[in-house]
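Per chain, numbering begins at 1; letters A, B, ... match sequence-line order.
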Number of protein chains: 2
Amino acid sequence: MPTKRLGKNTMQFAAPVYLTGYAAVAGQKEAEGPLTAFFDFASDDDTFGQKSWEQSESIMQQKAVELALGKTAIKAADIDYLFAGDLLNQCAASHYGLRELGMKFFGLYGACSTMAEGLIMAAAYIDGGFADNCLAVTSSHYASAERQFRLPIEFGSQRTPTAQWTVTGAGAVLAQNAAPVGAPTQLPGEQLATKQAVITRATVGRMCDMGITDANNMGSAMAPAVVSTLLDFFTDTGTNQNAYDLIVTGDLGRVGADLVLELMGREGYDLRPIYNDCGLMIYDCDSQDVHAGGSGCGCSAVVLTSHILPRIQSGQLNNVLFIGTGALLGSNNVLQGDTIPGIAHLVHLTGN
Amino acid sequence: MPTKRLGKNTMQFAAPVYLTGYAAVAGQKEAEGPLTAFFDFASDDDTFGQKSWEQSESIMQQKAVELALGKTAIKAADIDYLFAGDLLNQCAASHYGLRELGMKFFGLYGACSTMAEGLIMAAAYIDGGFADNCLAVTSSHYASAERQFRLPIEFGSQRTPTAQWTVTGAGAVLAQNAAPVGAPTQLPGEQLATKQAVITRATVGRMCDMGITDANNMGSAMAPAVVSTLLDFFTDTGTNQNAYDLIVTGDLGRVGADLVLELMGREGYDLRPIYNDCGLMIYDCDSQDVHAGGSGCGCSAVVLTSHILPRIQSGQLNNVLFIGTGALLGSNNVLQGDTIPGIAHLVHLTGN
């Protein structure tokens, strides 16, 4: 068997895992942001035609799956395993959104790192020989997240400068053990795909808890986890930032992103030329009143599926480290005075 | 590569995955039940020395891991991947209980099916070539679950006859790619192990929703998922109940267990001689006032690690289908009038 491990902490897939179909579904505020042209679907009013915000979020996941599969020759019945989760209590958006698909289902909870966690799972099950086709799906919704994690929106509480804005959006990615045959994929913006986006390596994160207790400062809680995972990956691969044309974190926002640059700088890695954060990409942070930037499972899922994967397929990006970040706080535990563990899962994406 | 799939829905591992260390931690009511002699640790007062029920539940997971590893030569640093989840919002028991272990961590949400989901993950990562040693961990706590899913205990609401009692307990299982060398394991009750318990096959479930809306009747919501998964497994393996000496579900309780027997009977399979449910095994249901039986992630985790795995290692059981069952309800969705999707993951355990 070809070796599937690199160093102590990195998975190296024996064969490339192809990301052949993907879709981004987004809300109204996201559609007013800089990535609007690249979404597969955006809602005018964030309800997606539903009566509750929880149901709206479920419908986003359903729609993302439908749109992702619609770009491929793969049907729901061809999917071997579906990996999904979200921020709602009991991961309700995934269960209620995807229950009718009839797919073999693994529920994940990685907070905002769920898209990266799902991609790693999909790649491991395919490369492990258990599956040909897997789906990774996740979502978040501003209104369902606010009332669950913070305060009723109607309460109109003041947001702190470190607070982030939960992205209303869902992403679905189809992973396959082979590249599709036939005509090249049409990308958003009328481009044609010249390459396939593939997963070649992954590094799973460890929980890091540096004692942050402020649930309005998730970026700081997650930044040390990014550093831990990135150092593991650089060590295992013998590479540094110069080998990549984009290193992108999930939803650290301005505060967390600055911390990553500073902490990695202290370790001797200057990430500035190639680093970005999905929470800073999805909104125009200066004009859209989102304070420190975007967050939520939907943040990295939407930026990945609307912006990063198309740019890999068009040849603009060749070597990307996509690092999903999760604040694993328990909402009750934080009220009890406990701190916020963070986690970061890294997926190495290349153009093939 | 040897084939790792059997039929359309079953994973068949190329090499046995050994369950070499495991531990059951339980609460006071559980220690008054029929399995008390087999627990590795039981609390006198369910607090486990903590100030909140959420913290108590976290400590149970920590203790289960410590006790499971303590029975083996494996240390925390040798663990490749840790798979864990629980019933608390944001899977808080796992995050706060396991954050200090420093292990690469995958968060799962499978509701009460989490132990089976974790075992399947551990086996897939080992057999897929990504890991040598994996841990699967889960828990539930009566007091943290009641206040999250139902009503404050102090409210003293009347329980319905179909209601189940959430087990206070945690289980941890170490899965390895090889059997341990050295002296045979000491089992609870002073027996020595004559065999190793191994995972040979697994069938992942699909969500089934038959329209149950009563959150006090989870057994009925989960029973159809058991039937779906068991039929997939019987079809793929060309076997029936006669090939197994125990088919055991996670936490259907009396109502759900009776439904499984009836529904499987209609399909032509008489499970009665070899069927049981962990929710009926962990308590003396007639005398312990638990209504329809036990439930919660801890239910199947504790019965597996205190009763089923030791009996496989002692040679009393040789061929077991362990079926984790989960009610994937969203607590908000049920209040909004939505129904309860169920899921069931099957793990085929044998004595090797």
Side-chain angles (χ1 to χ4, degrees), chain A residues 1-5 9 11 14 51-52 54-55 58 81 85 87-96 98-111 113 117 120-121 124-125 127-131 144 148 203-209 326 328-333 336 338 341 343, chain B residues 1-5 9 11 14 51-52 54-55 58 81 85 87-96 98-111 113 117 120-121 124-125 127-131 144 148 203-209 326 328-333 336 338 341 343:
Chain A
M1 199 194 307
T3 176
K4 297 189 177 179
R5 284 181 262 180
N9 297 302
M11 301 163 75
K51 282 187 290 187
S52 79
E54 288 74 17
Q55 288 169 351
S58 286
Y81 295 102
L87 285 171
L88 292 188
N89 292 341
Q90 297 90 44
C91 298
S94 303
H95 301 148
Y96 288 86
L98 308 174
R99 63 183 160 178
E100 281 157 27
L101 292 173
M103 296 173 188
K104 293 191 289 292
F105 177 79
F106 281 115
L108 306 181
Y109 185 82
S113 73
E117 184 181 359
I120 295 171
M121 288 287 180
Y125 273 73
D127 201 55
F130 304 109
S144 61
Q148 178 178 294
T203 303
V204 173
R206 310 156 195 284
M207 286 187 269
C208 293
D209 191 331
L328 301 177
L329 77 165
S331 48
N332 283 330
N333 299 61
Q336 290 165 7
D338 212 329
I343 201 158
Chain B
M1 199 193 309
T3 177
K4 296 188 177 179
R5 284 180 262 179
N9 297 302
M11 301 163 74
K51 282 189 289 189
S52 78
E54 287 76 14
Q55 288 169 353
S58 286
Y81 295 103
L87 285 172
L88 292 188
N89 293 341
Q90 297 89 45
C91 298
S94 303
H95 301 148
Y96 289 85
L98 308 174
R99 61 183 160 178
E100 281 156 28
L101 293 173
M103 297 173 187
K104 293 191 288 295
F105 177 78
F106 281 115
L108 306 181
Y109 186 81
S113 72
E117 184 180 358
I120 295 170
M121 288 287 180
Y125 273 72
D127 201 55
F130 304 109
S144 61
Q148 178 178 294
T203 302
V204 173
R206 310 158 195 281
M207 289 187 268
C208 294
D209 191 330
L328 301 176
L329 77 165
S331 48
N332 283 331
N333 298 62
Q336 290 166 6
D338 211 330
I343 201 159

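Annotation: maximal heavy-atom pairing with chain A below 4.5 Å, among B:L88, B:D338, B:D209, occurs at B:D338. Comparing A:A92, A:S52, A:G205, A:C91 by heavy-atom pairs within less than 4.5 Å of chain B, the highest count is held by A:G205. Across A:G110, A:C208, A:G107, the residue that shares the most heavy-atom pairs under 4.5 angstrom with chain B is A:G107. Among A:K51, A:M121, A:Q55, the residue making the largest number of heavy-atom pairs under 4.5 Å with chain B is A:M121.
With hydrogens and angles left out, the side-chain atoms of A:Q90 and B:N332 include no donor and acceptor closer than 3.5 Å.
When side chains are defined from C-beta on, B:Y125 counts as touching A:M11, because their heavy atoms get closer than 4.5 Å. Contact annotation: the side chain of A:Y96 never approaches that of B:M207 to less than 4.5 Å [non-hydrogen atoms, C-beta and beyond]. Side-chain contact between B:L328 and A:R99: absent, with no pair of heavy atoms (C-beta onward) separated by less than 4.5 Å.
Between atom CG of residue A:N89 and atom CG of residue B:N333 there is a gap of 10.0 Å, rounded to the nearest 0.5 Å. Between B:F105 atom CZ and A:S113 atom OG the span is 9.5 Å, to the nearest 0.5 Å. From A:E54, atom CD reaches atom OG of B:S331 across 9.5 Å, with rounding to the nearest 0.5 Å.
Remark: A:R206 engages A:D232 in a salt bridge (Lys or Arg N to Asp or Glu O under 4.0 Å) (not counting sequence neighbours).
There is no contact between A:L101 and chain B, counting heavy-atom distances below 4.5 Å. Residue A:A111 does not touch chain B at all, counting heavy-atom pairs closer than 4.5 Å. Residue contact with chain B, scored on non-hydrogen atoms closer than 4.5 Å, involves the backbone of A:A131 exclusively. Heavy atoms closer than 4.5 Å to chain B are found nowhere in A:S58, neither backbone nor side chain.
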Can you check side-chain contact (heavy atoms from CB on, under 4.5 Å) on B:I343 and A:F106, steps first, answer last?
-> CA-CA 10 Å; B:I343 201 159; A:F106 281 115; over 6 Å; no
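Counting only residues at least two apart or on different chains, the side chain to side chain donor-acceptor pair (under 3.5 Å) pairs with a member in residues 100-110 of chain B are A:N9-B:K104.
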